[in-house]
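Every chain is numbered from 1, with letters handed out A, B, ... down the list of sequences. None of these values were measured; they are calculated from a predicted model.
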Amino acid sequence: MTATLPPMTTPSTWLRVVEALRAPEGSPVTVKGWLRTRRDSKADGGLSFLAVHDGTCFDPIQAVAKADLPNYASEIAHLTTHCAVEVDGVIAKTPKGGNEIQARAVRVVGLVENPDHYPIQPKPHTMEFLREQAHLRSRTNTFGAVARVRHCLSMAIHRFYHERGFFYVHTPIITASDCEGAGQMFRVSTLDQLNLPKTPDGAVDHAKDFFGKQAHLTVSGQLNVETYCCALSRVYTFGPTFRAENSNTSRHLAEFWMIEPEIAFADLAADATLAEDFIKYLINAVLTERADDMKFFDERIEKGLLQRLKDVLEKPFRRLPYTEGVKILVDAAKRTKFEYPIEWGKDLQSEHERYLTEQHFKQPVILMNYPKQIKAFYMRLNAPGTDGAPGDTVAAMDVLVPSVGEIIGGSQREERLSVLDQRLDEMNLSKADYWWYRDLRRYGTVPHAGFGLGFERAMMFLTGMQNVRDVIPFPRAPGQADF
RNA sequence: UCCCCGAUAGCUCAAUGGUAGAGCGGCCGGCUGUUAACCGGCAGGUUAUAGGUUCGAGUCCUAUUCGGGGAGCCA
């Protein structure tokens with residue numbers, strides 16, 4: 001490749017489609033992109049309408065190519081969906097008032113071979129089919145919009161925390177601490193799997209492995225980020241996370257992205273406020289920055305999406321003790337048929353969470369203070385009798401939103417070493433394994449709290465997309481790592 | 001991992017155990033400042049794979065693979 005891309009900011013007639021759509025009438029322009037559709041007319045001695053898109057915005061721009069162009073009959077009249085072209089011309093107005101390009105030249109850069117078998121046709125496709133064409137689905141309206149919103153959301157996340165004085169901490173992808181708790185992990189090893197080194201007693205000799213011990217891909221950056229929280233006060237991580245669970249649902253991935261803020265000198269209420277502000281900030285960001293894509297999602301993916309999001313912005317999230325939530329569900333069980341029984345001390349099932357956020361409150365709900373036996377060791381033990389609960393609770397919260405369910409899980413962390421040790425003992429976890437985590441409680445411990453937001457679940461919530469595999473470019477799930 | 005459903009043309013789907021079809025897309029032509037265009041014609045098939053039942057299987061049976069929905073786990 002010898003050709004270089006001129007910077008878009010230097011004087012040039014090469015405009016991105018998003019710019020060409022706003023350029024003044026009469027401007028000379030060049031656009032470079034791919035054909036969405038071609039329509040022909042015999043009017044004015046013959047002409048073709050070429051809808052050209054380059055991914056810079058939802059709408060393509062229409063180029064009008066007349067039959068007197070030298071390559072009209074030989075090339076232009078045969079262009080099909082997703083042929084790559086460069087169009088030189090002048091900005092003009094369509095009869096309806098929008099911008100179009102009166103083409104002076106149409107250069108064919110790349111043709112589509114076998115157009116009758118090209119998978120992406122100018123017609124509705126099912127999500128299932130496009131999932132099998134992950135290398136081509138980025139060219140569709142839907143996945144172009146998903147990609148742009150995903151980018152917008154990523155930037156908004158960093159902006160939200162940066163504006164509030166948080167520091168972005170790069171927590172490790174590979175972890176050898178083996179004490180992260182949550183879920184099955186992917187092993188990271190350089191040992192020859194067909195010829196594993198053994199110890200004298202026949203076990204695999206992990207000391208011979210790359211890190212001198214067992215290592216895995218991270219399932220959470222939380223424990224690591226807590227160390228920086230207890231030094232920089234407000235921090236967050238935003239990176240990939242891996243779970244080797246055999247989950248086959250529309251809401252789970254083996255590789256997904258998670259945002260985990262952690263705040264010092266803070267309790268659960270402050271954590272909940274941060275979570276609510278965060279979600280509302282993200283809604284505002286996509287509504288204002290990607291209005292074109294959000295309009296498409298509202299019209300074609302989920303009718304009423306924009307209204308649903310605006311409703312979320314208007315009201316404060318409903319904060320509710322777990323104990324209260326159970327009372328509502330026990331009462332509801334008299335009229336609504338739940339598949340699983342509900343009682344205090346049990347974790348809520350998906351159907352219960354959906355009932356609270358979709359039927360009872362019809363808005364996001366923050367459930368707080370869960371029974372300690374269903375939550376992790378690091379969550380702070382509440383004073384006995386908090387919320388009138390019949391048993392011990394911890395300062396945990398789940399944020400539930402309509403149509404997605406649990407989108408955030410968080411807690412105030414146990415900062416008291418003696419209580420933490422007691423919890424480790426209760427759950428048969430080794431204090432030695434957690435030595436550095438315990439050190440944070442020995443040297444200048446402070447109340448702190450944080451949460452994890454599933455990035456792809458936020459995408460589903462914001463776009464109305466129904467399957468998590470369609471809001472990430474290349475989904476990884478059990479038995480699925482193509483592309 | 002468990003339960004349920006499915007796999008037929010490039011795509012979306014039809015086809016009582018008896019000649020494998022339509023719409024869209026593609027190609028050719030007609031019409032048209034078109035924009036989910038419209039009209040006519042043509043091409044396009046190892047019915048997921050492997051067995052079995054039957055005179056005869058896209059259809060019935062078994063296994064496998066892949067996909068979807070739900071559940072569990074969670075974000």
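Nucleotides B:U8 and B:U47, compared at atom C1', are 4 Å apart to the nearest Å. Nucleotides B:A63 and B:C3 place their P atoms 13 Å apart, quoted to the nearest Å. Between B:C2 and B:C11, the two P atoms lie 30 Å apart (nearest whole Å). Between B:A9 and B:A14, the two P atoms lie 12 Å apart (nearest whole Å). Between B:C55 and B:A48, the two C1' atoms lie 27 Å apart (nearest whole Å). Remark: the separation of the C1' atoms in B:U64 and B:G40 is 46 Å, to the nearest Å. Nucleotides B:G45 and B:G21 have their C1' atoms positioned 11 Å apart, rounded to a whole Å. With both ends at atom P, the span from B:A22 to B:G44 equals 13 Å, rounded to whole Å.
Applying the side-chain hydrogen bond (donor to acceptor under 3.5 Å, both in side chains) rule to A:S138 yields no partners; only residues at least two apart in sequence or on another chain are considered. For A:H82, the side-chain hydrogen bond (donor to acceptor under 3.5 Å, both in side chains) partners two or more places apart in sequence, or in a different chain, are A:R139. Checked against side-chain hydrogen bond (donor to acceptor under 3.5 Å, both in side chains), A:T463 has no partners two or more places apart in sequence or in another chain. Scored by the salt bridge (charged side-chain N to carboxylate O under 4.0 Å, His left out) test, A:D293 finds A:R148, A:R290 as partners (sequence neighbours excluded).
Side-chain atoms of A:M258 lie closest to B:A75 of the nucleotides B:G70, B:A75, B:C74. Here the nucleotide nearest the side chain of A:T80, chosen from B:A75, B:A71, B:G26, is B:G26. Considering only side-chain atoms of A:R354, the nucleotide from B:A71, B:G72, B:C74 that sits closest is B:A71.
RNA chain B lies under 4.0 Å from no heavy atom of any residue of residues 147-161 of chain A. Only A:Q480, listed by number, bring a heavy atom of residues 475-483 of chain A to less than 4.0 angstrom from any atom of RNA chain B. Of the residues in residues 49-76 of chain A, A:F49, A:Q62, A:V64 come within less than 4.0 Å of RNA chain B through at least one heavy atom, sorted by number.
Distance NZ (A:K42) to C1' (B:A37): 15 Å, rounded to an integer number of Å. Summarising the geometry, the separation between CD on A:E132 and C1' on B:U65 is reported as 13 Å, rounded to the nearest angstrom. Residue A:R39 contributes atom CZ, which lies 17 Å from atom P of B:U32 at whole-angstrom precision. One can place CZ of A:R243 at 9 Å from P of B:C74, the figure rounded to the nearest angstrom. If you measure from atom NE2 of A:H78 to atom P of B:G26, you get 14 Å, rounded to the nearest angstrom. Rounded to whole angstrom, the span from the CG atom of A:N248 across to the P atom of B:U65 amounts to 14 Å. Atom CG in A:D40 sits about 13 Å away from atom P in B:C31, given to the nearest Å. The separation between A:R469 atom CZ and B:G68 atom C1' is 10 Å, rounded to whole Å.
A heavy-atom distance below 4.5 Å is not found between the side chains of A:L130 and A:T126. Contact check for A:D298 versus A:F296: no side-chain heavy atoms found under the 4.5 Å cut-off.
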>> What verdict does the ring-ring contact (aromatic ring centres under 6.0 Å, His included) test give for A:Y168 and A:Y161, after you've listed the backbone C-alpha separation in whole Å, the side-chain angles of each residue and the deciding distance to 0.1 Å?
In response: CA-CA 8 Å; A:Y168 177 26; A:Y161 289 113; 9.6 Å; no
>> Apply ring-ring contact (aromatic ring centres under 6.0 Å, His included) to residues A:Y437 and A:Y378 and explain how you reach the verdict.
In response: CA-CA 10 Å; A:Y437 190 72; A:Y378 51 74; 7.0 Å; no
Show me the donor-acceptor pairs, under 3.5 Å and distance only, between side chains in residues 251-260 of chain A and residues at least two apart or in other chains.
from	atom 1	to	atom 2	distance (Å)
A:H252	ND1	A:T249	OG1	2.6
A:E260	OE1	A:G221	N	2.8
A:E260	OE2	A:S220	OG	2.8

Identify every side-chain donor-acceptor pair in residues 361-371 of chain A under 3.5 Å, counting partners at least two apart or on other chains, and give the distances.
from	atom 1	to	atom 2	distance (Å)
A:K362	NZ	A:Q359	O	3.0
A:Q363	NE2	A:P316	O	2.9
A:N369	OD1	A:N382	ND2	3.1
A:N369	ND2	A:D387	OD2	2.9
A:Y370	OH	A:D398	OD2	3.3

Indicate every side-chain donor-acceptor pair of residues 476-483 of chain A with a distance under 3.5 Å to a residue at least two apart or in another chain.
from	atom 1	to	atom 2	distance (Å)
A:R476	NH1	A:D482	O	3.0
A:R476	NH2	A:F483	O	3.2
A:Q480	OE1	A:R469	NH1	3.3

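The one candidate from A:H158, A:H162, A:E262 that meets the side chain to side chain contact (heavy atoms under 4.5 Å, CB included) condition with A:Y236 is A:H158.
Comparing A:E353 and A:P115, the nucleotide of RNA chain B nearest to each residue sits closer to the 5' end for A:P115.
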>> Just to be sure I follow the notation: if a pair is Watson-Crick (purine N1 to pyrimidine N3 plus N6-O4 or O6-N4) or a G-U wobble (N1-O2 and O6-N3), each under 3.5 Å, what dot-bracket string does RNA chain B give, with | for pairs to another strand?
In response: (((((((..((((....[..)))).(((((.......))))).....(((((..]....))))))))))))....
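Phosphate contact (OP1/OP2 of B:C74, side-chain N/O of A:S247, threshold under 4.0 Å): absent. Contact annotation: A:N467 reaches the phosphate of B:G69 (side-chain N/O to OP1 or OP2, under 4.0 Å). The phosphate of B:G72 has OP1 or OP2 within less than 4.0 Å of a side-chain N or O from A:S350. Taking 4.0 angstrom as the limit, A:R131 places a side-chain polar atom (N or O) nearer than this to OP1 or OP2 of B:G68. OP1 or OP2 of B:G70 has at least one side-chain nitrogen or oxygen of A:S250 nearer than 4.0 Å.
Heavy atoms of other residues, nucleotides or ligands lying less than 6.0 angstrom from CZ of A:R159 number more than 12. Annotation for A:K337: atom NZ does not count as buried by contact number, only 12 or fewer foreign heavy atoms lying within 6.0 Å. No more than 12 heavy atoms of other residues, nucleotides or ligands shown are found within 6.0 angstrom of CZ on A:R22. Residue-environment remark: CD (A:E75) exceeds the threshold of 12 foreign heavy atoms within 6.0 Å.
Note: A:C83 SG to A:L35 CG = 6.5 Å, rounded to the nearest 0.5 Å.
Between the side chain of A:Q102 and the base of B:G33, at least one donor-acceptor pair of N or O atoms lies under 3.5 Å.
Checked against the 6.0 Å centroid threshold, A:Y434 and A:F377 count as a close aromatic pair.
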> Along nucleotides 3-12 of chain B, 5' to 3', which nucleotides get a B, which get an S, and which get a -, given that the test is a protein heavy-atom distance under 4.0 Å?
Replying inline: -------BBS
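Using a 5.5 Å limit on the distance between ring centres and a 30° limit on the angle between planes, the aromatic ring of A:F256 counts as stacked on the six-membered base ring of B:A75.
Remark: the backbone N or O of A:Q184 is paired with a side-chain donor or acceptor of A:E245 at under 3.5 angstrom.
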